[in-house]
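These notes are about the structure you will find just below.
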Protein chains: 2
Amino acid sequence: MDNIKDLNTDENPDKSTEKLILKAAKDVFHRKGLAGARMQEIADEAGLNKAMLHYYFRTKDKLFEAIFSEECCGFFDKLADLINVDLPLLEKIEHFVENYTELLLKNSYIPAFIISEMHHNPEKIKHMFIDRIFSVKYKFLGDITTAVSLGLIKPVDPRQLIVNIIALCIFPIAARPMLTLMLEFNDKEYLDFIETRKKEVAKFIINSIKIN
Amino acid sequence: MDNIKDLNTDENPDKSTEKLILKAAKDVFHRKGLAGARMQEIADEAGLNKAMLHYYFRTKDKLFEAIFSEECCGFFDKLADLINVDLPLLEKIEHFVENYTELLLKNSYIPAFIISEMHHNPEKIKHMFIDRIFSVKYKFLGDITTAVSLGLIKPVDPRQLIVNIIALCIFPIAARPMLTLMLEFNDKEYLDFIETRKKEVAKFIINSIKIN
DNA sequence: TTTTGTATTAACCAAACGGTTAATGTGTAT
DNA sequence: ATACACATTAACCGTTTGGTTAATACAAAA
């Protein structure tokens, strides 16, 4: 019998070498960070010769950059979409918490990664989102300021409210290992806990700022 | 006979070599993380020969362990004190938010450090707080459960409320570089912003859970 | 003074690291 | 069949890394 496992046509599609590298590198950078990641480990995880990493991406820094500038752009683009949705503030907060939490779940390594690398190598990752972040901020600030001046919510410092909202969404994802330890979660329990938060966090926020 | 081996004769108080190493290592580990820190950089920052680090602490891992097991113990001990204070829940939350924020400000590197290292080297740091964290959790859970059953606050999942409270306190400290970038803070503006949160976060939480 | 235990240093080492190279395989158009 | 461009590999290279060592400085005890 011929072994046809290397036939890269249909059911075993040949993920291109470049894609294999990107996937392996993403996982290793996520687990170990930029400083802790090893080119050999990435090569092993991709099942490739280490020289291939340099053939496709020249240096470790450029590989790192290639992965995370793309990841960050995609992430912040979707964040911008969530902020720009056309809804009254309270419904927008409900919509935001639910969909931002889902976005974070699908990119669960990004929050801890950004927190970590912004401390260790801020110059290397700032530029990946510095442009996109301001439009998100100004839209959100404007929405809240308007809602306050229209008397739709209690008077609050819009910056404080923004930080509260993103803190409640991001922290449980970024601190997953800590929460899992403290609350003795298994994977399913943790995911259920986060799933519940999609509705509960919005209620928690709205309860606090709505006018009785 | 008194041990006077550390007699400091000159006007320049001789911080013992061990203390010099610990201080320099703490700063470097904080800036670079475990994987990114270099023994030579620690030695340079302490103004000592690199061999001294090994003479006092044998290995990089043991130096890392010596610093952060002590730091974490101190930090979680103070956290336990905050939880064990004898106050009704709502006042306890006010007291907690104010003093926990202050504790975090004084140990501002710890949150991002724990988030980062729990992702990269969980086994290496779990044991530093795994014992202390459960008593804190159970006391807090009990307080909230009692307050709910007494009808002092709205019925909430105590675990969700705990996560909300610590998220609102920890995130702005852990994500300082990101907040500083997004809200265009200088150091003073950032610290003022956090200072304001000592009162505002407690109000935000209590507004949400109090019975109208 | 001599001895003795500790602190400190420069020089050194093997392993691990990121990165390069030269040779070889492979598919394709001529 | 040949030629050419791209893909892949093992072996290699110079540097950096954590860690060791052997020699020495130094202060207290004998």
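This structure is a prediction, so every number in the text was calculated from the model and none was measured. Each chain gets a letter, A, B and so on, in the order its sequence line appears, and its residues count up from 1.
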Handout entry: Sidechain N-carboxylate O distance under 4.0 Å for K203(B), E200(B)
Key = yes
Exercise for the section: Specify the separation, in whole Å, of atom CG of D44(B) and atom P of dT9(C). Expected result: 12 Å
Practice task
Please report, rounded to the nearest Å, how far the C1' atom of dG19(D) is from the CG atom of L53(B).
Solution key: 11 Å
Handout entry: Pair E117(B) + K124(B): basic N to acidic O under 4.0 Å
Key = no
Practice task
Ignoring backbone atoms, establish whether Y56(A) has a side-chain N or O less than 4.0 Å from OP1 or OP2 of dT8(D).
Solution key: yes
Exercise for the section: Starting at atom CG of L48(B), determine the distance to atom C1' of dA10(C), rounded to an integer number of angstrom. Expected result: 15 Å
Exercise for the section: Measure the distance from CD on E41(B) to P on dT16(D) and round it to the nearest whole Å. Expected result: 14 Å
Handout entry: Lys/Arg N to Asp/Glu carboxylate O, R159(B) vs E189(A), below 4.0 Å
Key = no
Exercise for the section: State whether the number of non-hydrogen atoms from other residues, nucleotides or ligands found under 6.0 Å of E91(A) atom CD is greater than 12. Expected result: yes
Handout entry: Residues touching DNA chain C, which here means a heavy atom under 4.0 Å, drawn from residues 23-38 of chain B
Key = none
Problem - Q40(B)-D44(B) side chain donor-acceptor pair, cut-off 3.5 Å - result: yes
Exercise for the section: Taking K139(A) for its side chain and N84(A) for its backbone only, find out whether a donor-acceptor pair lies under 3.5 Å. Expected result: no
Practice task
Take the protein atom NZ of K62(B) and the nucleotide atom P of dG18(D), then report the distance between them rounded to whole Å.
Solution key: 16 Å
Fill in the blank from the handout: From NZ of K60(A) across to C1' of dT20(C) the rounded distance in Å is 18 Å
Exercise for the section: Determine, for D27(B) against K23(B), whether the closest basic-nitrogen to carboxylate-oxygen distance falls under 4.0 angstrom. Expected result: yes
Exercise for the section: Fit a plane to each ring of F64(B) and F113(B), take the angle between them on a 0 to 90° scale, and name the class: parallel (under 30°), tilted (30 to 60°) or perpendicular (over 60°). Expected result: tilted
Practice task
Write down the distance between CD (Q40(A)) and C1' (dA15(C)), rounded to a whole number of angstrom.
Solution key: 14 Å
Handout entry: Pair E123(A) + K126(A): basic N to acidic O under 4.0 Å
Key = no
Atom pairs under 3.5 Å: protein N/O with N/O of nucleotides 20-26 of chain D:
none

Fill in the blank from the handout: M39(B) atom CE is separated from dG19(D) atom P, nearest whole Å, by 6 Å
